[in-house]
2 protein chains.
Amino acid sequence: MRSLLSLQQKLLPDMLEVMNKRYRVLRQLRLMQPIGRRSLANTLDITERILRSEVTFLKDQGLLEMSIQGMHLTEEGEQLLMELEPVMNEVSGLDNLEERLKEKLNIPEVFIVPGDSDVTPWVKKEMGRAAVGRLKKFQLTRRVIAVTGGTTLAGVADMMIPSSDMEGTLFVPARGGLGEQVENQANTICAKMARKAHTDYRLLHVPDQLSEEAYLSLIEEPGVKELLEIIKSAGIVIHGIGEAKTMAERRKSTLDVIDKIEQEDAVAEAFGYYFNQSGEVVHKVKTIGLQLEDLERSELVIAVAGGRSKAKAIEAYLKTGIQSILVTDEGAAKALLEGTSL
Amino acid sequence: MRSLLSLQQKLLPDMLEVMNKRYRVLRQLRLMQPIGRRSLANTLDITERILRSEVTFLKDQGLLEMSIQGMHLTEEGEQLLMELEPVMNEVSGLDNLEERLKEKLNIPEVFIVPGDSDVTPWVKKEMGRAAVGRLKKFQLTRRVIAVTGGTTLAGVADMMIPSSDMEGTLFVPARGGLGEQVENQANTICAKMARKAHTDYRLLHVPDQLSEEAYLSLIEEPGVKELLEIIKSAGIVIHGIGEAKTMAERRKSTLDVIDKIEQEDAVAEAFGYYFNQSGEVVHKVKTIGLQLEDLERSELVIAVAGGRSKAKAIEAYLKTGIQSILVTDEGAAKALLEGTSL
DNA sequence: CTAAGTGGGACATAATACGTCTCAGGAAAA
DNA sequence: TTTTCCTGAGACGTATTATGTCCCACTTAG
């Protein structure tokens with residue numbers, strides 16, 4: 001027995017097309033609301049007139065409302081969009097991709113959002129939403145959640161929504177200062193998430209360059225020592241995965257570090273560790289905080305990374321054998337699976 | 001969580017309309033194939049041009065083929081139509097009707113086909129198809145199937161299809177001659193079904209008017225006696241339900257019988273029995289064959305009757321408490337349920 | 001105050017759907 | 001055999017719809 005969708009595909013072949021078009025409009029609107037027709041049409045890469053027809057239709061259906069600030073989803077629109085998500089994933093074959101990727105990478109769960117964050121930046125927000133969605137399924141009261149930096153994690157922070165489930169939860173940065181731009185630092189993101197979720201956070205202020213003695217004395221400081229204990233006991237870890245080279249440059253690493261990374265063929269980076277294609281640690285940024293081995297004690301590890309360009313890094317990192325949940329995008333997922341057949 | 005169909009109804013409201021249109025075309029074509037556009041358009045009550053668009057579309061989808069004799073469904077079309085049936089029933093709310101009817105009439109199973117056989121005669125064939133479909137789910141090898149007469153049962157016979165499952169099955173008429181037109185007599189229908197199913201049948205030739213002595217001596221005849229045993233042991237019974245008055249007239253009953261029937265407020269008729277609104281037997285045609293009490297020993301009793309006009313008869317008959325499966329049409333079903341709210 | 005963004009209206013044109021008529025051919029009835 | 005009916009296919013004009021294009025009045029952030 002075929003599924004209803006495949007029957008409809010035969011009986012109304014262009015239905016899926018229209019359905020997808022309207023789904024994309026709603027999904028994009030959710031990300032950018034309130035927003036006007038012209039801008040929305042631009043990001044969706046369709047003409048204004050065509051978007052206009054869709055929008056008036058969706059308005060008539062009560063799924064969105066117009067106002068002087070722009071359009072926004074109604075309650076019903078939000079609801080519909082939520083229920084539509086698994087359906088559209090099935091339609092576009094994403095759930096199929098998820099299954100194959102889960103097997104290939106040997107990890108318990110994979111979430112794929114449509115698009116490629118290399119091409120369209122807002123896909124990062126969709127990944128963020130997916131990550132938060134997955135997080136919500138977990139028992140969250142009185143938990144410690146450790147987060148890292150990066151633009152992707154910033155996207156996760158954007159999508160964080162307050163919920164009574166998160167009462168008493170504490171956000172902490174996974175590791176100390178890993179010099180990046182302020183808005184992408186773990187500390188910043190940590191604070192942002194906590195503020196969005198209406199819960200507490202603690203920050204870890206550690207200078208980037210640190211002498212051995214200073215390091216040793218710092219971790220003996222009462223305040224720092226206590227926070228370190230909390231971080232290492234984090235039950236939930238959410239982190240990004242970066243390309244080794246890009247990360248090294250972005251952090252303004254010294255030349256010998258960059259040389260070392262290139263020498264050892266490092267391709268992936270995650271919370272200060274650099275990995276080669278086999279998932280072996282080839283370098284580690286000297287800072288305090290969560291260590292790789294601490295992850296094994298965590299109950300939930302969510303890796304968020306997307307974009308075709310990050311495929312190799314994702315694959316390398318997951319070879320470490322960490323039982324992590326992966327949230328990625330279509331672009332990365334396809335690149336990862338193409339890698340198989342090469 | 002809403003069903004996929006209700007989501008789509010919100011996102012593509014006219015989808016269902018189109019879907020239903022194409023479904024109707026396919027369904028009607030199945031009944032009348034091979035047939036041309038003009039005749040088909042006529043029975044569907046749509047213009048030829050509109051049907052033409054649909055037909056060319058369906059042809060492109062490989063669901064039907066054109067030939068000089070007319071159009072016919074392809075293998076794939078048949079398949080799709082079959083799979084589409086439960087979906088469309090859900091869409092048009094028929095499965096909802098089925099549930100409510102099952103409860104109201106207190107019987108184990110109800111099948112409803114779209115349409116009203118009072119208005120469009122070919123709906124009888126749809127009922128026939130549904131009845132045969134239900135029959136097929138049963139273990140059929142080496143069974144005795146008793147059938148009655150009537151135009152509805154003639155429709156069932158039309159839809160009978162051979163299948164290896166029916167090997168060794170024997171068709172018999174439920175009761176002796178109940179004077180009707182030849183093509184609607186139990187004997188004729190019995191033979192037709194057996195021929196369609198490629199199995200055996202036995203006929204019961206008994207004159208309509210019979211004196212008491214003749215009757216007594218007849219049932220002692222070896223051949224007749226043996227067949228009677230077989231009929232009474234029938235595991236499966238398929239019968240129609242008629243309106244009392246109509247049946248009495250059609251059988252050219254004597255005036256005192258018609259008087260009696262009117263006097264006793266008989267409304268329903270089934271294999272020679274007349275029932276009043278409470279399901280009590282008020283008259284019985286004097287002929288040999290299956291008796292009402294024999295039904296209780298049958299494993300499967302299927303009553304087939306449709307058309308708004310037969311609603312009262314159906315209700316009355318099922319008040320006898322027989323655990324019968326009912327195959328009916330939308331017209332009768334709705335009339336039956338309206339009766340509740342009056 | 002300005003500039004950029006908002007929704008809404010208007011209108012011409014392109015694309016599509018649909019009604020209507022015609023025709024050649026094959027099958028079955030006469 | 002002839003005739004009649006039904007078949008699919010083509011053609012064409014018109015009504016309807018979809019879409020591209022431009023303009024306008026208004027709000028708001030800078």
Side-chain angles (χ1 to χ4, degrees), chain A residues 11-77 120-122 125 158, chain B residues 11-74 76-77 121-122:
Chain A
L11 211 59
L12 317 137
D14 30 1
M15 174 204 74
L16 280 183
E17 211 173 308
V18 180
M19 205 164 145
N20 195 42
K21 184 163 65 176
R22 295 186 178 159
Y23 173 64
R24 281 185 4 112
V25 171
L26 290 175
R27 192 158 50 89
Q28 198 63 19
L29 179 58
R30 178 173 60 182
L31 281 176
M32 310 180 75
Q33 61 184 334
I35 196 185
R37 281 200 311 251
R38 276 164 276 259
S39 329
L40 188 54
N42 216 39
T43 59
L44 284 171
D45 204 34
I46 54 180
T47 70
E48 185 206 331
R49 194 57 180 78
I50 223 169
L51 177 72
R52 188 173 175 172
S53 320
E54 296 305 331
V55 154
T56 35
F57 166 81
L58 293 169
K59 188 183 66 179
D60 289 344
Q61 293 295 311
L63 299 175
L64 58 83
E65 276 168 0
M66 306 288 214
S67 71
I68 199 67
Q69 293 92 345
M71 304 171 286
H72 62 269
L73 292 184
T74 62
E75 191 93 3
E76 196 182 353
T120 40
W122 46 262
K125 294 203 175 184
D158 277 337
Chain B
L11 211 59
L12 316 137
D14 30 2
M15 175 204 74
L16 279 183
E17 211 174 307
V18 181
M19 204 165 148
N20 195 42
K21 184 162 66 177
R22 294 186 178 158
Y23 173 64
R24 280 185 5 112
V25 171
L26 289 175
R27 193 158 51 88
Q28 198 63 20
L29 178 58
R30 178 173 62 182
L31 281 177
M32 310 179 73
Q33 61 184 329
I35 195 183
R37 279 202 308 252
R38 274 163 276 258
S39 329
L40 189 54
N42 216 40
T43 59
L44 285 172
D45 203 34
I46 53 181
T47 69
E48 187 206 333
R49 193 59 181 78
I50 260 182
L51 178 73
R52 187 175 176 172
S53 320
E54 296 305 331
V55 154
T56 36
F57 166 82
L58 293 169
K59 187 183 65 180
D60 289 344
Q61 293 295 312
L63 299 176
L64 58 83
E65 276 168 0
M66 307 288 216
S67 71
I68 198 66
Q69 293 92 347
M71 302 171 287
H72 62 270
L73 291 183
T74 62
E76 197 182 351
W122 46 263

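Just so we're on the same page: letters track the sequence lines, and every chain starts at 1.
We find that CG of L40(A) is positioned 13 Å from C1' of dT6(C), with the value rounded to whole Å. Note: CD1 (I68(B)) to C1' (dC23(C)) measures 13 Å, nearest angstrom. Atom P of nucleotide dA9(D) and atom CG of D60(B) are separated by 11 Å, given to the nearest angstrom. M71(B) has its CE atom 10 Å from the P atom of dA9(D), to the nearest Å. Residue M66(A) contributes atom CE, which lies 9 Å from atom C1' of dG8(C) at whole-angstrom precision. Computed from coordinates, the E48(A) CD to dT6(C) C1' distance equals 11 Å when rounded to whole Å. Atom CD of Q69(A) is separated from atom P of dC26(D) by 17 Å (rounded to the nearest Å). The interatomic distance linking I50(A) (CD1) with dA18(D) (C1') rounds to 8 Å, in whole Å.
Within the 4.5 Å cutoff, no side-chain heavy atoms of T120(A) are placed close to those of T43(A).
Comparing dT27(D), dG5(C), dC11(C) by their nearest atom to the side chain of R49(A) picks out dC11(C).
The phosphate of dT6(C) (OP1 or OP2) has a side-chain N or O of S39(A) nearer than 4.0 angstrom. A close approach under 4.0 Å does not occur between any side-chain nitrogen or oxygen of T47(A) and OP1 or OP2 of dT19(D).
Between E54(B) and G36(A), it is G36(A) whose nearest contact on DNA chain C lies nearer the 5' terminus. Comparing R38(B) and S53(B), the nucleotide of DNA chain C nearest to each residue sits closer to the 5' end for S53(B).
By the neighbour-count criterion of 12 heavy atoms within 6.0 Å, atom CG of D45(B) is sparsely surrounded, having that number or fewer from other residues, nucleotides or ligands.
Between the side chain of R52(B) and the base of dG19(C), no donor-acceptor pair of N or O atoms lies under 3.5 Å. Under 3.5 Å, the side chain of R37(B) and the base of dA9(D) form at least one donor-acceptor pair of N or O atoms.
A side-chain donor-acceptor contact under 3.5 Å links R24(B) to the backbone of L44(B).
Looking only at atom types and distance, the side chain of Q69(A) has a donor-acceptor partner in the side chain of S67(A) under 3.5 Å away.
Evaluated for a side chain to side chain contact (heavy atoms under 4.5 Å, CB included) with L51(B), the options T56(B), N42(B), V25(B) yield exactly one hit, V25(B).
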